[in-house]
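Here's the structure we're looking at; comments come further down.
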Amino acid sequence: MDNIINFKGLKLVLLDQRKLPFKIAYKELKDSSQTAEAIKKMVVRGAPAIGITAAYGYYLGSMEKEFKDFKSLKIYMERVGEKLLSSRPTAVNLKWALNLMGKTLKENPGLPVDKIRDNLLERAEYIKESELAANKKIGEYGASEFEKISAGKNKLKVLTHCNAGALATGGWGTALGVIRSAFNRGLVKEVYADETRPRMQGAKLTCFELKEEGIPYKLITDGMAGYFMSRGEIDTVVVGADRIALNGDVANKIGTSMVAIAADYYNVPFYVAAPVSTFDFNCPTGGDIVIEERSHEEVLVINKKKISPEGTKTSNPAFDITKKSLIKGYITEKGVVKSTYELQ
Ligand code: MRU
């Protein structure tokens, strides 16, 4: 799937993921404020995809004004970086991409401002390309892992939660990239896609991608995962990640940890697929990860209609933490590892 994050003629053009699966619409962003807003409102979402988007947003920031010298550019770009970084707190890819952009800005202060801007655009494009290349490798390593699980016998039934596909990464995907690569090797019989309340990334986006690819799938509600595992219908689970702490705990879409606990109970191997950019070696444990709290409306309103009595209270943490002990392996572009220490 192409055209998810495109940069052309000083505009960042994003596929508006809020409109999928029924409408293909694009949103044009002209500056860093519009980019931060698009990330916050989830026009684009998924950890690697928001990292790439923020990198382009940073470049747009450098084009917003005339700067007489490097010093004035640097002061302005500090504010641009902070604005983009605060758009969503949990996925570390945002911080990772903005750190790289900040490094590029500062690496050669003697250059004319226009040359620094060119370097920033080149860096943003490199981030996009390198994430795509990482996804493809993750897919191949993951498919080889699936080969071991299937052991030359039956094709696999695979469960995934949320959307960790091309839409979430700018191309190919992490968890869904593994499924795609494994399907291409003839290893996947069917995918069980959790709907992923409250924003329904599974129902809307994962099903959209699987349908486009011609991969057989079944949509299930979040509460059904344990039931299908108990009946021996799920051979393996693969999910993406928003941030992986040094001790191996994983922040991913709310509901992931319940799937992992059920998978552990029923002896179903549970994998996390993520590029190295999602590992936060400065974050000691899952407990140190900031979990984004989103609007209560997302829980209380479905299809623009309230579903609970007036005054009903709720909470809406967008992510949860899956303990390392529940994870069979981390599928990365450097291979399938059991510990984050193998990646440092
Ligand atoms: O709130 P979202 O839709 O940005 O959450 C996305 C997820 O939790 C994904 O599973 C994660 O970012 C991995 S994407 C490759």
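What you see is a predicted model; the values in this text were computed from it and never measured. Counting starts at 1 for both ligands and their atoms, in listed order.
- With a heavy-atom cut-off of 4.0 Å, R199 does not touch ligand 1 at all.
- Compare Q17, R88, M42 by their heavy atoms: the one nearest to atom 4 (O) of ligand 1 is in R88.
- Atom 6 (C) of ligand 1 has its closest protein heavy atom at R45 NH2, 3.5 Å.
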Go through the steps for Y330 and Y271 under the test ring-ring contact (aromatic ring centres under 6.0 Å, His included), then give the verdict.
-> CA-CA 6 Å; Y330 306 88; Y271 291 94; 9.6 Å; no
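- Within the structure, the closest approach of E292 to ligand 1 does not fall below 4.0 Å when heavy atoms are considered.
- For ligand 1, the polar-atom distance check against C162 finds no nitrogen or oxygen pair separated by under 3.5 Å.
- Between the side chain of E209 and the backbone N or O of A166 there is at least one donor-acceptor pair closer than 3.5 Å.
- When only modelled atom types and interatomic distance are considered, E131 and T169 share no side-chain donor-acceptor pair under 3.5 Å.
- The protein heavy-atom contact nearest to atom 15 (C) of ligand 1 is T174 OG1, 3.0 Å.
- Between the side chains of T90 and D242, no donor-acceptor pair of N or O atoms lies under 3.5 Å.
- A salt bridge does not link K136 with E140: none of the charged nitrogens is closer than 4.0 Å to a carboxylate oxygen.
- Taking every heavy atom of A168 and a limit of under 4.0 angstrom, the matching atoms of ligand 1 come to 14 (S), 15 (C).
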Hey, mind stepping through R18 and D16 against salt bridge (Lys or Arg N to Asp or Glu O under 4.0 Å) and telling me if it holds?
-> CA-CA 5 Å; R18 299 167 306 176; D16 191 339; 2.8 Å; yes
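- Looking only at protein heavy atoms, the nearest one to atom 9 (C) of ligand 1 is N252 OD1, 3.4 Å.
- Here is the list of ligand 1 atoms found below 4.0 Å of a heavy atom in A47: 12 (O), 14 (S).
- The shortest separation from a heavy atom of A91 to ligand 1 is not under 4.0 Å, leaving the residue out of contact.
- With T340 contributing its side chain and G248 its backbone, the two residues share no donor-acceptor pair below 3.5 Å.
- Residue contacts with ligand 1 include P48, since one or more of its heavy atoms lies under 4.0 Å from the ligand.
- Residue-level proximity to ligand 1 for A175 is absent, since no heavy atom of it falls below 4.0 angstrom.
- The closest donor-acceptor contact from the side chain of E333 to the backbone of N135 lies at 3.5 Å or more, if one exists at all.
- Atom numbering of ligand 1 starts at 1 in the shown order; those under 4.0 Å from a heavy atom of Q201 are 1 (O), 2 (P), 3 (O).
- The closest approach between any non-hydrogen atom of T256 and ligand 1 is not below 4.0 Å.
- Of the heavy atoms in T278, none comes closer than 4.0 Å to ligand 1.
- Ring geometry, Y56 versus F7: the interplanar angle falls under 30°, so the pair is classed parallel (tilted spans 30 to 60°).
- Between E107 and K103 there is no salt bridge, since no side-chain N of the basic residue sits under 4.0 Å from a carboxylate O of the acidic one.
- If you check which protein heavy atom lies closest to atom 11 (C) of ligand 1, you get D242 OD1, 3.2 Å.
- The six-membered or imidazole ring of Y192 lies away from that of Y217, with a centre-to-centre distance of 6.0 Å or more.
- The T169 neighbourhood of ligand 1 comprises atoms 15 (C), with distances under 4.0 Å to a heavy atom of that residue.
- The parts of K253 lying near ligand 1 are both backbone and side chain, judged by heavy-atom distances below 4.0 Å.
- A salt bridge between R197 and D222 is absent, with no side-chain N of the basic residue lying under 4.0 Å from a carboxylate O of the acidic one.
- Atoms of ligand 1 lying under 4.0 Å from at least one heavy atom of A164, given by number and element, are 14 (S), 15 (C).
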